[in-house]
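Data first, discussion second: the structure below is written as structure tokens.
Just so it is clear, the values below take in all heavy atoms, side chains as well, and ignore hydrogens, waters and symmetry mates. So that the names make sense, note that chain A is the first sequence line, chain B the second, and so on, each numbered from 1.
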2 protein chains.
Amino acid sequence: MERKTDITQAIKTAGLKVTPQRRTVYEVMQELRHASVDTVIEKVRERNPDITVSTIYRILDSFCRAKVLSSVGNPADGKHYFDITVGNHHHLFDGQKIADYDDPELTRLIYRYLAGKLPGDTNIDKIQVQIIINHLKSE
Amino acid sequence: MERKTDITQAIKTAGLKVTPQRRTVYEVMQELRHASVDTVIEKVRERNPDITVSTIYRILDSFCRAKVLSSVGNPADGKHYFDITVGNHHHLFDGQKIADYDDPELTRLIYRYLAGKLPGDTNIDKIQVQIIINHLKSE
DNA sequence: GTGTCTGCAAAGAATTTGCAAAGAC
DNA sequence: GTCTTTGCAAATTCTTTGCAGACAC
């Protein structure tokens, strides 16, 4: 879907050196969109078992600090996921599943609403709405 | 601040048996509002060093499943926190600090907005807005 | 070339488990 | 009395580290 050079660009632009290991992690995240460490490790090693677990941890860490990836915590189970999308966007949580919910209008709506509510000097970096879906079970 | 019986009630209402260990964990969470496992362990053991780490894990787990506590993931550092507040409410993230932002009007605003946007059969359990504050540093 | 990144193996944390005794209701 | 919870100690699992060689630029 995305070309080789785009991956290279994404990593380079973030100020990181481009290595095959980083490219693989990035590729995997592009496919998964949201994933826990375990899943990333699993998928990366499927493609290339020579990449070490510790390297994957280090890459995920550098990606987060360089804002190549972001973090989401699933409120349902409290688990931590990496997210290929860095900018303002929202999430639908359906049990273990996380889906993006991209809605700039909603973002603007909230920004506008909050403008009058928070102290004037508050600098909002980002707004994320988490929508938790309930599979109404007989109970 | 909260009386003994209230703590008992909170635990009992959730369908769990009331034990001194559970009462202590609950008390600590009442004070902390938001806390990581480490912090809970630390504070609980300050009060009563006889309570085991594994017990604390088990209690936190049972509290979450019984919805005595909820989970928040700090999007800034990806760490997981427990939250004494279970119902609909929002959060301000300021680096490591998490603050509640309770605003039913905002909640309603989003509910209303989403009503027209999501598939009709989507059952929203909960909405949480995460507001990430940026300490604009010279950069 | 220089400085960063990776693999490896080991250390260190964090979390979970099995079981017997203690405790809640 | 019955079923659940706890303490203990050990096992597992998860994550980080130090260092030397490899690699990106």
Side-chain angles (χ1 to χ4, degrees), chain A residues 4-29 35-69 71 73-74 77-82, chain B residues 4-29 35-69 71 73-74 77-82:
Chain A
K4 249 185 161 179
T5 42
D6 294 335
I7 297 179
T8 303
Q9 267 326 105
I11 299 172
K12 194 174 286 180
T13 306
L16 298 172
K17 300 202 167 169
V18 181
T19 67
Q21 293 86 343
R22 283 180 175 165
R23 292 173 49 72
T24 305
V25 171
Y26 192 84
E27 263 170 48
V28 162
M29 279 304 302
S36 60
V37 199
D38 319 345
T39 312
V40 177
I41 290 173
E42 185 189 322
K43 294 291 173 191
V44 166
R45 307 204 64 163
E46 264 174 28
R47 300 194 179 209
N48 182 353
D50 296 341
I51 301 176
T52 309
V53 172
S54 70
T55 297
I56 299 174
Y57 274 104
R58 282 188 278 221
I59 291 175
L60 288 171
D61 186 53
S62 63
F63 276 7
C64 280
R65 284 190 287 96
K67 297 203 197 291
V68 173
L69 297 176
S71 277
N74 184 337
D77 61 6
K79 281 195 194 116
H80 171 242
Y81 293 81
F82 295 98
Chain B
K4 251 185 161 179
T5 41
D6 294 334
I7 298 179
T8 303
Q9 266 327 103
I11 300 172
K12 192 173 289 180
T13 305
L16 298 173
K17 298 202 169 170
V18 181
T19 68
Q21 294 87 339
R22 285 180 173 166
R23 294 173 47 73
T24 305
V25 171
Y26 192 84
E27 261 170 47
V28 162
M29 279 304 302
S36 59
V37 198
D38 320 345
T39 312
V40 176
I41 290 174
E42 185 190 322
K43 294 291 172 192
V44 166
R45 306 204 64 163
E46 263 174 29
R47 300 196 181 209
N48 183 354
D50 295 342
I51 301 177
T52 308
V53 173
S54 71
T55 298
I56 299 174
Y57 274 102
R58 283 188 278 220
I59 291 175
L60 288 172
D61 186 53
S62 63
F63 276 7
C64 280
R65 281 190 290 95
K67 298 204 195 290
V68 173
L69 297 176
S71 276
N74 184 338
D77 61 5
K79 280 192 195 118
H80 171 244
Y81 294 80
F82 295 98

In Å and rounded to the nearest 0.5 Å, what is the [atom1] to [atom2] distance from [X] to [Y]?
X	Y	atom1	atom2	answer
B/Arg22	B/Lys12	CZ	NZ	12.5 Å
B/Leu16	B/Arg65	CG	CZ	9.0 Å
A/Thr5	A/Gln9	OG1	CD	7.5 Å
A/Gln21	A/Thr24	CD	OG1	7.0 Å
B/Asp6	B/Tyr26	CG	OH	8.5 Å
B/Lys43	B/Asn48	NZ	CG	15.0 Å

Please tabulate, one pair per line, each protein N/O and nucleotide N/O from nucleotides 13-15 of chain C that are separated by under 3.5 Å, including the distance.
unit_1	atom_1	unit_2	atom_2	d
C/dT15	OP2	B/Tyr57	OH	2.1
C/dT15	O5'	B/Tyr57	OH	3.0

Q: For DNA chain D, note the earliest and the latest nucleotide, 5' to 3', having some atom under 4.0 Å of a heavy atom belonging to chain A.
A: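 Reading along DNA chain D, I get D/dC14 to D/dC25.
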Q: Sugar-phosphate atoms are those with a prime plus P, OP1 and OP2; base atoms are the rest. Using that split, label each nucleotide of nucleotides 2-9 of chain C B, S or - for protein heavy atoms under 4.0 Å, 5' to 3'.
A: --SSBBB-
Q | Worked check of side chain to side chain contact (heavy atoms under 4.5 Å, CB included) between A/Ile41 and A/Tyr57 | A | CA-CA 9 Å; A/Ile41 290 173; A/Tyr57 274 104; 4.1 Å; yes
**Q.** Derivation and outcome, side chain to side chain contact (heavy atoms under 4.5 Å, CB included), residues B/Val28 and B/Glu46
**A.** CA-CA 10 Å; B/Val28 162; B/Glu46 263 174 29; over 6 Å; no
Q. Do A/Ser62 and A/Arg58 come within less than 4.5 Å of each other through their side chains, counting heavy atoms only?
A.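 The answer is no; the side chains never approach within 4.5 Å.
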Q) Where do A/Ser36 and A/Thr39 come nearest, in terms of heavy atoms and distance? A)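 Reported closest heavy-atom pair: OG-OG1, 2.9 Å.
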